[in-house]
Amino acid sequence: HINTGGCHMLNFGMEADDTNPVMKKKVQHSMDKIEKKITTIIKEGVAAKEFKSNFDAAFFASKAFAMIEGAIFAGRLHNNNKHLLIITEALKNEINSYLEK
């Protein structure tokens, strides 16, 4: 099941988006770091010929982050991990579609 606290970035981000500019910046920075790390991993995989060259790393990183955060939110609302399992499967399928064979 979903972590009972949900995602701290989502929680803080939603609370701080229009009330606490300092916290909002910190959450933005954390989100940017995560997306940059995913982008770097994919780019390294492309360079190592593990992924196809048309794998858009930055696009995927942004989409994956948003999808996972949305699935965590939905899971908290429904008190289950159904959405997270669906999104995880979809992201795995997309990653697999870019694997060099």
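Predicted model, so just to flag it, every value in this text is computed and none were measured.
- In this structure, CZ on R76 lies 12.5 Å from CG on N81, to the nearest 0.5 angstrom.
- Between the side chain of S62 and the backbone N or O of A58, no donor-acceptor pair lies under 3.5 Å.
- When all heavy atoms of S53 and V46 are compared, the pair lying nearest together is CA-CG1, 3.9 Å.
- Contacts of E94 classified as side-chain hydrogen bond (donor to acceptor under 3.5 Å, both in side chains), with partners at least two apart in sequence or in another chain: K63.
- Here the closest heavy-atom approach between residue K43 and residue A57 is recorded as CG-CB, 3.8 Å.
- Note that OG1 of T40 is 11.5 Å distant from CD of E35, once rounded to the nearest 0.5 Å.
- Closest heavy-atom contact between I68 and I87: N-CG2, 4.1 Å.
- Put simply, I86 and M67 are part of two different groups of oily side chains (I, L, V, M, F, W, Y) that touch within less than 4.5 Å, one to the next.
- The shortest distance between side-chain heavy atoms of F65 and M31 falls below 4.5 Å.
- Checked against Y98 for a ring pair (Phe, Tyr, Trp, His ring centres under 6.0 Å), the options F55, F60, F59 give a single hit: F55.
- Taking the six-membered ring where the residue is Trp, H78 and H83 present parallel rings, their angle staying beneath 30° rather than reaching 60°.
- Atom CG of residue L77 and atom CD1 of residue I72 lie 12.5 Å apart, to the nearest 0.5 angstrom.
- Taken from CG in L84 to NZ in K82, the straight-line distance is 12.5 Å, to the nearest 0.5 Å.
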